[in-house]
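Here the structure is a predicted model, which means the values were calculated and not measured. As a basis for the values below, the full set of heavy atoms in this structure was taken, side chains included, without hydrogen atoms, waters or symmetry mates.
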Amino acid sequence: MNELIKHAKELLEKGEVAAVIGYRQVSEKRTKPVIITEPEETRALVFNEYCLNNLAVYLTKARIKLLGRKNNKSFKLAITAKPCDVHSIVALIQENQIDRDKIHIISFNCHGVVKDFGFDFNGDNLSSKCITCETHKPLYYDKLLGEVKETPQARDSALERIKEIERMPHNERFEFFRSEFDKCIKCYACRAVCPLCYCQRCITDKTIPCWIETSSHQRGNFAWNVIRAFHLSGRCTGCGECDRVCPADIPLSLINRKMTIEANNLFSFVSGRSLETPTLVGSFNEKDNDELFM
Amino acid sequence: MDEKIISRVDLMKICKDVIDKGNTLLTPGAADYYVVKDISDIILDTSALPSKISHKSYVFPRTEPVLYYKRSKNDVQLIDINIDSKKIVILGAKPCDANSINIMKHLFNWDHSDEFFNKRANNFMVIGLMCSHFDEYCFCTSVRSSPVSEKGSDLFLIPVDINNYALKIITEKGKEFISPYSGYLKPGDEKNSKLITENVRQPEAAFDSSEVYEWLGENFESPKWEGVGNLCLSCAQCAFVCSVCHCFDITDEDYSYTEGRRMKNWDGCQFGNFTLHASGHNPRDIQSKRYRQRVNHKFRYYVDRFGEILCTGCGRCSRGCPVSIDIKEIVSNCNDNQKEFLK
């Protein structure tokens, strides 16, 4: 931890970055994001199994970008990111939302995080994205910290659930999603925490014409959750934040993961894994699978 | 106040009767308050965490039609709604939840009497249950309540031993509800239940609400708001799980060119377009202003207007906040200039 604090402090003191976006401990098993602009405040920074937030979501916020503008000069922003959060940063760079040169990535050798605050860190409580994680070491970073440790073993029950849903007959599958979406209260926490939901004006906020009913009834909830699934297809990096924060416990990551699997099967593409490959939606290859066209 | 003793078995008989008569019986679960179909599902656990989402949707639904309309060439025909007026009995409400309808009542009867809310609220029968849980997010004792507060309950239960509850009859409504079941009640002694309520572990008061009130009046432009404004991601998790947040939006849904309905939907003050005017101007254009509004509304404006704090101290908003913003921490530190909101 001292290394992280030392590094962050140095960055701020030397004026290499304008702010450090990191985590601070709020209780034994909970951390929260913190945005630090003064060198002495870096002492609050931590990194552990309870750093659940995907801080990449802050990088596209206008108010955070503004922190990087001081005295008519532009400074870098430093961000502490788990290897999976780096995927989101990569996706944002690929979608031209942020500039690689303006971000200083402090990343870690990661051995997994808990599924939610308050749980003990072990195989049973491992976040589902960590079970199949293939990047315990970040793909891109400016500073790598932390020791390499073993990830606890766990069963990939989410994938089993996806297979189960795939096998359901149409009406049963519809019924499953209907009962899940019925719980939605439209607080849009899923949208708020998603680093890739960066639209200045979300389609649900457009009311003339009203494509997506704002009412939280069956049709409105279906419209919202389905449109979100579509807008994130081939773009979701699988950080699982939407799933974690949903107050109604809708298993949103099942949908996103299924769409990621589909995109990968059809186009051999997973979002946020390379700075060299163009985005799926933003590129065309004549060898692309065209089964989707009618 | 009248106090009786009722056994768990007899209490369940009353519950069964409530369901058999076609009324709705609600009880808190881990995620939500749910409608009881089978009385064996009833847990009545004083040490349970408050459910993730409050029961407010049963009195103030997250979406409901307020009228239907039909358009013709020269005319618009409005069709009124029949408000569902089923009796709802809520069993085992946490003291922090029990009072929420009373708090919201002020707003819904302020300059206009909201018949939708009132009709449902009048049909609510609240059976409160003493609470013996508290975690780092609970702060009922800081907002003029407590884990043994009877405020808002019509009947109040205190477990005296494994099989028996002390039943306090608080209101006329409660008295009326319980009178057909008087055969199940045994005479009780207030001393016994007092011994229990006095020894319940209570969260220590985290702040003085009148000090917070004063501070908010003087610090509208405090730089502290910027810190929390930077952190908050503008969702409405806090407002929608809250048991007393009551903002709503009115929107029209057309079925076709000639028919549609007008809906009343939950809205949240942290959304960017909550105060967006048709002109394009937005008085709360940045997140810090929106967060300031949330705290001011709860601890100052509502007190000014109705003399009550718009918060029951249940801690739901903080427990579920995607970025772990803790409202208790924020208002407790407001007077401390050494502490910024986000640190």
S.K.: How long is the span from the SG atom in A/C187 to the CD atom in B/Q237, to the nearest 0.5 Å?
M.R.: 6.0 Å
S.K.: On a heavy-atom basis, which atom in B/V241 and which in A/P247 lie closest, and how many Å separate them?
M.R.: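 Looks like CG1-CB, 3.8 Å.
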S.K.: Would you give the length of the straight line joining atom NZ of A/K32 to atom CD of B/E329, rounded to the nearest 0.5 angstrom?
M.R.: 4.5 Å
S.K.: If you round to the nearest 0.5 Å, how far is CE of B/M263 from OG of A/S216?
M.R.: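 Separation between the atoms: 9.5 Å.
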S.K.: Could you name the residues of residues 56-65 of chain A that have a heavy atom within less than 4.5 Å of a heavy atom in chain B?
M.R.: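 From residues 56-65 of chain A, the residues near chain B are A/V57, A/Y58, A/K61, A/R63, A/I64.
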S.K.: Could you walk me through whether A/N221 and B/R62 pass the side-chain contact (heavy atoms from CB on, under 4.5 Å) check?
M.R.: CA-CA 12 Å; A/N221 284 353; B/R62 57 193 198 210; 3.8 Å; yes
S.K.: Could you please spell out the steps behind the side-chain contact (heavy atoms from CB on, under 4.5 Å) verdict for A/V26 and B/D326?
M.R.: CA-CA 10 Å; A/V26 282; B/D326 184 353; over 6 Å; no
S.K.: Report the distance from atom OG of A/S215 to atom CG of B/D249, rounding to the nearest 0.5 Å.
M.R.: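 One finds 9.0 Å between OG of A/S215 and CG of B/D249.
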S.K.: Using a 3.5 Å distance criterion without hydrogens, assess whether the side chain of A/R30 forms a donor-acceptor pair with backbone atoms of B/R319.
M.R.: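 Judged by distance alone, yes, a pair lies under 3.5 Å.
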S.K.: Sub-4.5 Å heavy-atom contacts with chain A: which residues of residues 250-259 of chain B show up?
M.R.: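 The stretch touches chain A at B/T251, B/E253.
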S.K.: Atom OG of B/S324 and atom CG of A/N53: how far apart are they, to the nearest 0.5 Å?
M.R.: 6.0 Å
S.K.: Residue by residue, scan residues 274-281 of chain B and write down, ordered by number, those that have a heavy-atom distance under 4.5 Å to chain A; if none do, write 'none'.
M.R.: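 Not one residue of residues 274-281 of chain B has a heavy atom under 4.5 Å from chain A.
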S.K.: Looking only at heavy atoms, which of residues 238-245 of chain A get nearer than 4.5 Å to chain B?
M.R.: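 Residues in range: A/R244, A/V245.
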S.K.: When you look at A/K29 and B/E136, which way does the salt bridge (charged side-chain N to carboxylate O under 4.0 Å, His left out) test go after all the steps?
M.R.: CA-CA 12 Å; A/K29 290 171 191 169; B/E136 55 195 297; over 6 Å; no
S.K.: Answer with side chain, backbone, both or neither: which region of A/A44 has an atom nearer than 4.5 Å to a non-hydrogen atom of chain B?
M.R.: neither
S.K.: Under 4.5 Å from any heavy atom of chain B, what part of A/C194 do you find: side chain, backbone, both or neither?
M.R.: neither
